[in-house]
Amino acid sequence: MAATMSTASTVLGLVSSSLSSPKKVCLSSGFLKSPVTARNPLRVAQASGGKFTCFERDWLRRDLNVIGFGLIGWLAPSSIPVINGKSLSGLFFDSIGTELSHFPTGPSLTSQFWLWLVCWHLGLFICLTFGQIGFKGRTEDYFSK
């Protein structure tokens, strides 16, 4: 009796079913993307010359289009004369010339040069940052419908 139970591949009461593994059922939907296994960069030994890293090699994903259009996109509005009939770019570049006129001595802490330097560069970096987000977001389909 024990020999017959150990060799039987069916369960009593369920004659048609066997103990073999069930078939996998793949459900798919139009709402779900195709199943892609997540790649762990820590497990890839050759990702960074044999070193383990958490970032992609080209994490900045720099593009000269962003730098060019961002610079033009900042120079155009900063060249509009709205500050007492002068533009921010004009005031900044004039203050550079004024400070270079007494070259070995640097600008004093009360000089207008520092205000124009901070304002001009802050606007430039904000423009470049939003340009990078917008340009790369559009090329990598972050903003798709």
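- Grouping Ile, Leu, Val, Met, Phe, Trp and Tyr residues whose side-chain heavy atoms lie under 4.5 Å apart, directly or via other members, places Ile67 in a hydrophobic cluster with Leu64.
- With sequence neighbours excluded, the residues that form a side-chain contact (heavy atoms from CB on, under 4.5 Å) with Tyr142 are Arg61, Glu140.
- Note that CD1 of Ile96 and CH2 of Trp116 are 13.0 Å apart. Values are rounded to the nearest 0.5 Å.
- In the hydrophobic clustering of this structure, Phe93 groups with Ile83; members are Ile, Leu, Val, Met, Phe, Trp, Tyr whose side-chain heavy atoms approach within less than 4.5 Å, directly or through other members.
- With sequence neighbours excluded, no residue satisfies side chain to side chain donor-acceptor pair (under 3.5 Å) with Thr129.
- Screening residues 67-88 for side chain to side chain donor-acceptor pair (under 3.5 Å), with sequence neighbours left out, gives Ser78-Ser89.
- When the ring-ring contact (aromatic ring centres under 6.0 Å, His included) test is applied to Phe113, no partner is found at least two apart in sequence or on another chain.
- Phe92 and His121 have perpendicular rings, their planes meeting at more than 60° on a 0 to 90° scale where under 30° would count as parallel.
- Distance CG/Leu128 to CD1/Ile133: 11.0 Å, rounded to 0.5 Å.
- Hydrophobic clustering (ILVMFWY, side-chain heavy atoms < 4.5 Å, transitive): Ile126 and Ile80 are in distinct clusters.
- A side chain to side chain donor-acceptor pair (under 3.5 Å) check over residues 95-106, counting only residues at least two apart or in different chains, returns the pairs Glu99-His102, Glu99-Ser111.
- The other members of the hydrophobic cluster of Phe135, by chain and number, are Val66 (side-chain heavy atoms under 4.5 Å, ILVMFWY only).
- Leu109 and Trp114 get closest at one heavy-atom pair: O-CD1, 4.0 Å.
- Residues Trp120 and Phe125 are members of one and the same hydrophobic cluster, defined by side-chain heavy-atom contacts under 4.5 angstrom among Ile, Leu, Val, Met, Phe, Trp and Tyr.
- Put simply, CG on Leu88 and CG on Leu115 are 8.5 Å apart, with the number rounded to the nearest 0.5 Å.
- No single ILVMFWY cluster, assembled from side-chain heavy atoms under 4.5 Å apart, contains both Leu122 and Ile72.
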